[in-house]
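Side chains are part of it too, since the values below use all heavy atoms of this structure and drop only hydrogens, waters and symmetry mates.
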Amino acid sequence: MSDWFTVAWSDEGVRMLDQRVLPEREEYLTLETVEAVAQSIESLAVRGAPAIGCTAALGVALAARRSRATDLAALGVELEAARERLARTRPTAVNLFWALGRMAECEAVAREAAGASPKSVAAALLEAALEIVREDEASCRAMGRASLPLVEEGARILTHCNAGALATAGYGTALGVVRAAFEAGRGVRVLADETRPFLQGARLTAWELDRDGIPVTVITDNMAGHLMQQGEVDLVVVGSDRIAANGDVANKIGTYPLAVLAREHGVPFYVAAPLSTVDPDTPDGAAIPIEERGREEVAEFGARPVVPEGVPVRHPAFDVTPARLVTAIITERGIARPPFAEALAAQLAGSPGG
């Protein structure tokens with residue numbers, strides 16, 4: 001991973017690896033405006049809940065750095081507009097709103113400091129955004145360490161979508177579990193669902209694991225049940241875009257069927273996510289907003305139509321896995337087990353494990 005990164009700050013603007021063109025090309029974007037940052041999130045140039053949060057934080061810092069405001073009041077108006085634009089990008093990933101809230105709190109503190117100026121507020125916001133990025137990678141590595149008791153020697157791990165370094169500031173959530181086991185010499189192997197319609201598993205998970213020398217095999221989404229039936233899957237590990245207070249999990253569409261299949265075949269189903277993904281204000285999965293994306297991502301494949309013109313399609317980008325189907329939730333504070341309402345509340349309050 002040392003020769004590439006997901007998202008970072010530069011003097012020219014927010015830099016990111018364009019995930020829309022992987023694995024064919026490795027291209028970096030330099031985003032010089034808040035609008036460009038917002039469009040990168042909407043178009044999936046950057047994706048994955050933690051990475052979206054990091055990108056949004058850097059976007060706010062960019063707004064402050066690019067501002068020509070000469071007083072704090074004018075700067076405040078610009079920053080509020082920037083946060084509002086970024087908040088409209090994708091509704092399901094709660095890390096986005098968590099990061100924007102944290103940046104708003106930083107701005108408020110910086111404005112109250114002695115001798116505060118637009119320049120000092122911009123400096124404080126940039127440091128806050130960079131701290132969010134640093135914390136995200138550190139939390140992923142902590143999740144990986146915490147997950148080691150769950151992964152046996154030679155484990156065959158099924159994952160869905162991409163919850164790796166590409167979806168975070170580095171290391172990954174679900175793939176952080178994989179990386180930690182691999183680094184510990186467990187000899188793990190990965191089965192990566194291709195993850196229609198955007199193919200995050202086939203294009204992204206396979207790309208980054210192959211770059212790290214971790215054995216990975218891509219399967220189509222409808223092969224998972226057969227492979228579980230044949231005894232070829234030891235555990236399922238996925239990420240999450242929002243976890244409700246009761247432990248219901250929103251993740252990339254196709255996750256819920258995997259959880260049902262795992263329960264039927266006695267395969268543990270684990271979710272790895274930072275505590276910033278846990279939303280204590282959302283009581284259960286029914287209250288999680290599900291993003292509906294455009295027709296073309298389903299109706300076209302490789303820029304060629306695969307659905308007759310005029311035939312409608314549905315494209316919910318996420319589904320909700322009920323807490324009863326989740327074996328455990330791995331966070332940077334340890335392994336949370338049912339009942340999740342109590343376990344997650346304890347972790348949010350600062351207690352390890354669950």
Task: Sequence neighbours excluded - side-chain hydrogen bond (donor to acceptor under 3.5 Å, both in side chains) pairs with any residue from residues 30-46 - done: Arg15-Thr30, Arg20-Ser43, Glu35-Gln39, Glu35-Arg85, Glu42-Arg85
Open item on the list: By the side-chain hydrogen bond (donor to acceptor under 3.5 Å, both in side chains) test, which pairs, at least two apart or in different chains, include something from residues 48-69?
Closed with: Ser67-Glu78
Task: CA sep, side-chain torsions, deciding dist, call: Leu100, Leu86, side-chain contact (heavy atoms from CB on, under 4.5 Å) - done: CA-CA 8 Å; Leu100 292 175; Leu86 292 163; 4.1 Å; yes
Should [X] and [Y] count as side-chain neighbours, where that means a heavy-atom distance under 4.5 Å?
X: Leu166; Y: Leu17; result: yes
X: Leu175; Y: Asn162; result: yes
X: Met16; Y: Tyr28; result: no
X: Val326; Y: Thr321; result: yes
X: Leu235; Y: Leu158; result: no
X: Pro274; Y: Thr331; result: no
X: Ile243; Y: Leu344; result: yes
X: Arg189; Y: Val216; result: no

In chain order, what residues pass the salt bridge (Lys or Arg N to Asp or Glu O under 4.0 Å) check against [X], with sequence neighbours excluded?
X: Arg196; value: none
X: Glu80; value: none
X: Arg293; value: Glu291, Glu297

What are the two closest heavy atoms between [X] and [Y], and how far apart are they?
X: Pro118; Y: Thr70; answer: CG-C, 3.9 Å
X: Gly239; Y: Thr173; answer: CA-OG1, 4.0 Å
X: Pro215; Y: Phe182; answer: CD-CE1, 4.0 Å

hydrophobic_cluster_shared for [Y] and [X], side chain cutoff 4.5 Å:
X: Val278; Y: Val271; value: yes
X: Leu209; Y: Val151; value: yes
X: Met103; Y: Leu72; value: yes

What residues form a side chain to side chain donor-acceptor pair (under 3.5 Å) with [X], not counting sequence neighbours?
X: Thr92; value: none
X: Thr168; value: none
X: Arg83; value: Glu107
X: Gln19; value: Arg47

Task: Over 12 non-hydrogen atoms of neighbours within 6.0 angstrom of CD in Glu152 - done: no
With a 3.5 Å cut-off and sequence neighbours excluded, list the donor-acceptor pairs that the side chains of residues 247-264 form with protein atoms.
{"residue": "Asp248", "atom": "OD1", "partner": "Asn246", "partner atom": "ND2", "Å": "3.4"}
{"residue": "Asp248", "atom": "OD1", "partner": "Ala323", "partner atom": "N", "Å": "2.8"}
{"residue": "Asp248", "atom": "OD2", "partner": "Asn246", "partner atom": "ND2", "Å": "3.2"}
{"residue": "Asp248", "atom": "OD2", "partner": "Gly285", "partner atom": "N", "Å": "2.8"}
{"residue": "Asn251", "atom": "OD1", "partner": "Ser240", "partner atom": "N", "Å": "3.4"}
{"residue": "Asn251", "atom": "ND2", "partner": "Thr255", "partner atom": "OG1", "Å": "2.8"}
{"residue": "Lys252", "atom": "NZ", "partner": "Ala317", "partner atom": "O", "Å": "3.3"}
{"residue": "Thr255", "atom": "OG1", "partner": "Lys252", "partner atom": "O", "Å": "2.7"}
{"residue": "Arg263", "atom": "NH2", "partner": "Arg324", "partner atom": "O", "Å": "2.3"}

TODO: Using the test ring-ring contact (aromatic ring centres under 6.0 Å, His included), find all partners of Phe301 that sit at least two apart in sequence or belong to another chain.
DONE: none
- [ ] Mind checking ring-ring contact (aromatic ring centres under 6.0 Å, His included) for Trp207 and listing every partner two or more places apart, or none if nothing turns up?
- [x] Trp4
Would you call [X]-[Y] a salt bridge at under 4.0 Å N-O?
X: Glu131; Y: Arg134; result: yes
X: Arg141; Y: Glu137; result: yes
X: Glu135; Y: Arg102; result: yes

Task: side-chain contact (heavy atoms from CB on, under 4.5 Å) between Ile330 and Tyr270, intermediate numbers included - done: CA-CA 7 Å; Ile330 307 158; Tyr270 299 119; 4.2 Å; yes
- [ ] Say whether, by atom type as modelled, one donor and one acceptor occur between the side chain of Arg337 and the main chain of Ala328 under 3.5 angstrom.
- [x] no
Open item on the list: Test your reading of the model: is there a side-chain donor-acceptor pair from His315 to the backbone of Gly294, 3.5 Å cut-off?
Closed with: yes
- [ ] State, without any angle test, whether Asn222 and Thr220 hold a side-chain donor-acceptor pair at a distance under 3.5 Å.
- [x] yes
TODO: Decide yes or no on side-chain contact (heavy atoms from CB on, under 4.5 Å) for Asp193 and Thr159, but give the supporting numbers first.
DONE: CA-CA 6 Å; Asp193 273 355; Thr159 191; over 6 Å; no
TODO: Run the numbers on Arg211 and Glu26 for salt bridge (Lys or Arg N to Asp or Glu O under 4.0 Å), then give the verdict.
DONE: CA-CA 12 Å; Arg211 289 285 294 264; Glu26 295 177 29; 2.6 Å; yes
Task: Gap separating the CD atom of Gln347 from the CD1 atom of Ile335, nearest 0.5 angstrom - done: 9.5 Å
